[in-house]
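This report concerns only the one structure given below.
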There are 2 protein chains.
Amino acid sequence: MLTTKDKIITASIKNFLIWGYEKTSLSMIAEDIGIKKPSIYYYFRSKEDLFTTCINYIMDSLEKSLTDSIKNIKSSKQMLESIFTTLFEFNSNLSLLVGNSYDKPVNMLNLLHLGINRFCAVKERIDRYYDTLKNVFIKMIEIGKKDNKIRKDLDTNALALELIAWIEGLFALSTVYSSFNINTMRNSLYNNMWKTIAMPESQKNGFFKKKPFSKTISLGTKW
Amino acid sequence: MLTTKDKIITASIKNFLIWGYEKTSLSMIAEDIGIKKPSIYYYFRSKEDLFTTCINYIMDSLEKSLTDSIKNIKSSKQMLESIFTTLFEFNSNLSLLVGNSYDKPVNMLNLLHLGINRFCAVKERIDRYYDTLKNVFIKMIEIGKKDNKIRKDLDTNALALELIAWIEGLFALSTVYSSFNINTMRNSLYNNMWKTIAMPESQKNGFFKKKPFSKTISLGTKW
DNA sequence: GTCTATACGCAGATAGAC
DNA sequence: GTCTATCTGCGTATAGAC
């Protein structure tokens, strides 16, 4: 059984995701759950207070899912898959919350951005989330490099940020570009992503297998 | 010499980018250029009309820059670099317009998204822009594959969308994540991006050079 | 073309009854 | 805890003078 406070938070997240901060009115939220506008003020000091609570709620929950999802995973490929899946599932849950179909992701980045330029508490919470996410990716990349599964010629820090941007960009793009359905392409997107960062098959055991071959051509030869 | 209409459009783009659609008021725009609010209605029927004009203005200009930038370019690597540079420069120009420093990109995706859920004319224009952008990327990838510069094991359509998402995601991320400065990392981001899609050195002339070597090991061996 | 004056609605927020 | 009633301010938009 959800408390009134929980209902307000859920309805707020839904409306903020659909309409953004400004266009969401407290009356809309109240109407969604069958209460009157002033009742919201019993639980929250202001619209800003309500918004900040929603962002914290989302970020806490997403951060927990992420750290849980990679616990006890040792392989970098499984880690990437797990992060990928967690982010997709989280987005799908938000999609269902706002009443979208499975095929229409929500634009969370957009909501975050709306909050950042207005409230500094939101800005700090979001920075903390991305610090966490970046560290998860860095850990995955370092394990992959150590195990010869991920290419070593890619800058780790830049790659972590690029993978985050890549995934966030996919969600964002799918909300602005009608012909792009992220879910029907999900597998080929993930496969491409892994292929681009993975160590090429021919170099995986390069040191042991290739050395004799390398010696047969002169140093410095380009081929 | 800018006409009043041009000044209104420029000031509107600036304010829409900073504050979003709802929070931008016609008084703010008028004040920015030293006119009074009702004067705007001499040039535009409504706030929606003004917004739509701004989005069309931005999209037309960006589309033109993009198609111009890849004219007469034959190599895929140069094309990617050119697209990358054009998108960065365009974003920088918008940054300067809103009064941001060079280091603080604007979030155009965010603005587009705000418009899409409200006005269908905007939605159609944006779809058209992404169609164009996607075709530019597909052309680049096809040339690259033909010339053995880009890996052939990556799905072309998915890759085109991923590269768009990647770049858009980088801009978006840099506007929500304080510790990420897209400009200081620009070179390493681009290098990583090219490396991940480029044909590995060892396979570039694979057919001719590697065949003799391949024959020395048994078929089906994983290495 | 640009202005002053103004209509009208809805937003966030509060007072106080039950 | 939840409501009705109400305050105050700002938004878009229009009428009409100059």
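Order of the sequence lines fixes the chain letters, A, B, ..., with proteins taken first and strands second; residue numbering starts at 1 for each chain.
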Using the rule given for side-chain contact (heavy atoms from CB on, under 4.5 Å), can you reason through Met59(B) versus Arg128(B), listing the C-alpha separation, both sets of side-chain angles and the distance that settles it, and then say yes or no? CA-CA 9 Å; Met59(B) 297 281 90; Arg128(B) 198 149 52 81; over 6 Å; no
Is there a donor in the side chain of Thr156(A) and an acceptor in the side chain of Lys145(A), or the other way round, less than 3.5 Å apart? yes
Can Arg125(A) and Asp60(A) be counted as an ion pair, charged N to O under 4.0 angstrom? yes
Is Lys5(A) close enough and on-axis enough to Tyr42(A), meaning under 6.0 Å and within 45°, for cation-pi? no
Reading DNA chain C from 5' onward, which residue's closest nucleotide shows up sooner: Pro38(A) or Ser25(A)? Ser25(A)
Please report, rounded to the nearest Å, how far the C1' atom of dA15(D) is from the NZ atom of Lys37(B). 14 Å
Sorted by number, the residues of residues 3-23 of chain B with heavy-atom contact under 4.0 Å to DNA chain D: none
Euclidean distance, atom NZ of residue Lys36(A) to atom P of dA11(C) [Å, nearest integer]: 14 Å
Nearest-Å distance, CD (Glu31(A)) to C1' (dA11(C))? 15 Å
Report the C-alpha distance between Tyr130(B) and Glu168(B) in whole Å, list the side-chain angles of each, state the deciding distance to 0.1 Å, and finish with yes or no for side-chain hydrogen bond (donor to acceptor under 3.5 Å, both in side chains). CA-CA 11 Å; Tyr130(B) 280 112; Glu168(B) 298 273 26; 2.6 Å; yes
Hey, what bend do you get for the helix from dG1(C)-dC18(D) to dC18(C)-dG1(D) if you fit axes on five pairs at each end, rounded to 10°? 0°
Drop me the distance from Ile70(B)'s CD1 to Leu80(B)'s CG, to the nearest 0.5 angstrom. 11.5 Å
Nearest 0.5 Å please: distance from the CZ atom of Phe90(B) over to the OG atom of Ser69(B). 12.0 Å
Answer yes or no: are there more than 12 heavy-atom neighbours, outside Tyr57(A) itself, under 6.0 Å from its atom OH? no
Checking Thr10(A), Ile9(A), Ile40(A) against Ile29(A) for side-chain contact (heavy atoms from CB on, under 4.5 Å), the one that qualifies is Ile40(A)
Give a yes/no verdict on a cation-pi contact between Lys47(A) and Tyr21(A), requiring under 6.0 Å between NZ or CZ and the six-membered ring centre and an angle within 45° of the axis. yes
Heavy-atom contacts under 4.0 Å between residues 39-55 of chain B and DNA chain D, which residues? Tyr41(B), Ser46(B), Lys47(B)
Check whether any side-chain heavy atom of Ser95(B) lies under 4.5 Å from a side-chain heavy atom of Asn91(B), and answer yes or no. yes
Leu26(B) CG to dT6(C) P, straight-line distance once rounded to whole Å: 21 Å
